[in-house]
**Student:** 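Okay, handing you the structure first.
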Amino acid sequence: MVDRSSQSSTPVPTDALSEVLQDFRLSGVNYGRCELRDPWSIAFPQQQLLRFHFVSEGPCWIHTEAQGWQELQHGDLVLLPQGVEHRLASKPDVVGDSLKSCQVTKFGGNVCEVVQEGTGSTSTLFCGSMALDANALNPLIALMPSIIKGCDVAGNDPVVGPLLAAMTVEASQPQIGSATVLSRMADVLVARLIRCWVNCSGASTSGWLAAIRDPHIGRALAAMHRDPGRDWTLETLAGVAGQSRSIFAERFSAILGEGAARYLARLRMQLARELLGQNMSVAKVASQLGYESEASFARAFKRITSVSPGVVRRTISGRTDIEFGL
């Protein structure tokens, strides 16, 4: 929500992406420290949450359907924004699922240690699953590639390299609170990787990336995503954008291919599906997304999605099976 009166003493970000990223946080982090002796191989199923893997030491390869096998270097971090199915292994020719033979120790919360004994070389990994607290990032995440390697973008962001080095030091000298420190570093790294990808992704004149980069439309877009349940009108959105009602409406449609009201309605229904999948009641979803009654929300939901919210709630399982990030 953009409230000028309550932010008079807060510096205003210079662009919409900064405004989105200032609220960037990882939540529901499931974190696993793995010490695996060669040979090993672990399969990771598709999930809705982001995944990341940090290689502290030892051999490690990653396989995705889109890019096949890629070798990961010591001190590298990979981000899988859409949580696509993939496999990690000490070598590409290792088959099977080593997780079944590993010793798993839970330390409380969502932190675990995974150990596979053996005589081969040791790989030390830190694997995590995470959700984003910032709804404004959801369309951006959908546009990103299925896998991003930290080393590939380090040359375009002077902060990434030192952060990866700091994670390596923290991982090699585990102490009390190391899991928390590493997860906070992952916060920063993921945000930097997202920003770097945006900056290197070209200069399209239409679509969501073009909209979030626009100094006027981007502010309104970020505001809608950060507070989708607010009673937004064309006038209030134009005010956030710093434009007249007519200029804002014309510019918004030109960049995104639809009006602001239609975009907001689709955004709300997308979020509604996610909340219903988490077993939230229809009434609570309606209230959270700014509808005056359950009936008005149900009508809007069916108009846009062609199914009732009750059907979605009964048929979509919001449970994501994640165990210590694996």
**Student:** Does Gln82 reach the main-chain N or O of Met144 with its side chain, forming a donor-acceptor pair under 3.5 Å?
**Tutor:** yes
**Student:** Where the side chain of Arg37 meets the backbone of Gly120, is there a donor-acceptor pair that is under 3.5 Å apart?
**Tutor:** yes
**Student:** Picking from Arg51, His53, Gln67, what satisfies side chain to side chain donor-acceptor pair (under 3.5 Å) with His86?
**Tutor:** His53
**Student:** Report the C-alpha separation of Met269 and Arg273 in whole Å, then their side-chain angles, then the decisive distance to 0.1 Å, and conclude whether the side chain to side chain contact (heavy atoms under 4.5 Å, CB included) test is met.
**Tutor:** CA-CA 6 Å; Met269 296 310 109; Arg273 288 184 68 91; 5.8 Å; no
**Student:** Which is it for Val114 and Ile42 under the side chain to side chain contact (heavy atoms under 4.5 Å, CB included) test, yes or no, and what are the steps along the way?
**Tutor:** CA-CA 12 Å; Val114 183; Ile42 298 177; 5.5 Å; no
**Student:** Would you check if the side chain of His74 reaches a backbone N or O of Val55 as a donor-acceptor pair within less than 3.5 Å?
**Tutor:** no
**Student:** So, Arg313 side chain and Asn279 main chain: donor-acceptor pair closer than 3.5 Å or not?
**Tutor:** yes
**Student:** Rounded at 0.5 Å granularity, tell me how far CD in Glu258 sits from CG in Leu264.
**Tutor:** 10.0 Å
**Student:** Any chance CD of Glu292 has more than 12 other-residue heavy atoms, nucleotides or ligands included, within less than 6.0 Å?
**Tutor:** no
**Student:** Going by heavy atoms in the side chains, are Phe301 and Val311 under 4.5 Å from each other?
**Tutor:** no
**Student:** Determine, stepwise, if the pair His63 / Phe44 fulfils side chain to side chain contact (heavy atoms under 4.5 Å, CB included).
**Tutor:** CA-CA 10 Å; His63 179 274; Phe44 296 79; over 6 Å; no
**Student:** Do the side chain of Gln116 and the main chain of Pro39 share a donor and acceptor less than 3.5 angstrom apart?
**Tutor:** yes
**Student:** Rounded to the nearest 0.5 Å, what's the gap from CZ on Arg251 to CD on Gln243? Could you check?
**Tutor:** 8.0 Å
**Student:** Just by distance, do the side chain of Arg268 and the backbone of Pro228 share a donor-acceptor pair under 3.5 Å?
**Tutor:** yes
**Student:** Does the Trp40 side chain pair with the main chain of Thr122, one donor and one acceptor, at a distance under 3.5 Å?
**Tutor:** no
**Student:** Which heavy atom of Cys196 sits nearest to which heavy atom of Asp157, and what is that distance?
**Tutor:** SG-CB, 4.3 Å
**Student:** With the 4.5 Å side-chain cut-off for hydrophobic clustering, are Leu271 and Leu237 part of the same group?
**Tutor:** yes
**Student:** Taking all heavy atoms of Ser90 and all of Asp38, pick out the closest pair and write down the distance.
**Tutor:** OG-OD1, 2.6 Å
**Student:** To check you understand the geometry: which heavy-atom pair defines the closest contact between Leu50 and Pro81, and what is its length?
**Tutor:** CG-O, 3.3 Å
**Student:** Under the criterion side chain to side chain contact (heavy atoms under 4.5 Å, CB included), I'd like the reasoning laid out for Val285 against Leu276: C-alpha separation, chi angles, the key distance, then a yes or no.
**Tutor:** CA-CA 7 Å; Val285 172; Leu276 291 167; 3.9 Å; yes
**Student:** Applying ring pair (Phe, Tyr, Trp, His ring centres under 6.0 Å), can you list everything that pairs with Phe252, at least two apart in sequence or on another chain?
**Tutor:** Phe248, Tyr263
**Student:** Measuring only between side-chain heavy atoms, which start at C-beta, is Leu36 closer than 4.5 Å to Leu88?
**Tutor:** no
**Student:** Check the side chains of Thr124 and Glu57 for a donor-acceptor pair under 3.5 angstrom, ignoring hydrogens and angles.
**Tutor:** yes
**Student:** Short question: side chain of Ser253, backbone of Ala249 - any donor-acceptor pair under 3.5 Å?
**Tutor:** yes
**Student:** Is it true that atom CD of Glu65 has more than 12 heavy atoms of other residues, nucleotides or ligands lying nearer than 6.0 Å?
**Tutor:** no
**Student:** Any side-chain to backbone donor/acceptor pair from Thr236 onto Trp232? Under 3.5 Å, distance only.
**Tutor:** no
**Student:** So how far is it from Arg219 CZ to Asp214 CG, rounded to the nearest 0.5 Å?
**Tutor:** 11.5 Å
**Student:** Please determine whether residues Ile141 and Leu143 belong to a single hydrophobic cluster, defined as Ile, Leu, Val, Met, Phe, Trp and Tyr linked transitively by side-chain heavy-atom distances below 4.5 Å.
**Tutor:** yes
**Student:** State, yes or no, whether a side-chain contact exists between Trp61 and Val94 at a heavy-atom distance under 4.5 Å.
**Tutor:** no
**Student:** Supply the atom-to-atom distance Ile304 CD1 to Arg299 CZ, rounded to the nearest 0.5 angstrom.
**Tutor:** 13.0 Å
**Student:** Do you know the tightest heavy-atom contact between Arg87 and Ala43?
**Tutor:** NH2-CB, 3.5 Å
**Student:** How long is the gap from CZ on Phe54 to CG on Leu77, to the nearest 0.5 Å?
**Tutor:** 7.0 Å
**Student:** Please examine the side chains of Leu72 and Val78, heavy atoms only from C-beta on, and report whether any two atoms are closer than 4.5 Å.
**Tutor:** yes
**Student:** Grab the two heavy atoms, one from Leu125 and one from Cys60, that are nearest each other, plus how far apart they are.
**Tutor:** CD2-SG, 4.0 Å
**Student:** Can you name the nearest heavy-atom pair linking Ala223 to Val240, along with the distance?
**Tutor:** CB-CG1, 4.1 Å
**Student:** Is there a side-chain contact between Met167 and Leu189 (heavy atoms, below 4.5 Å)?
**Tutor:** yes
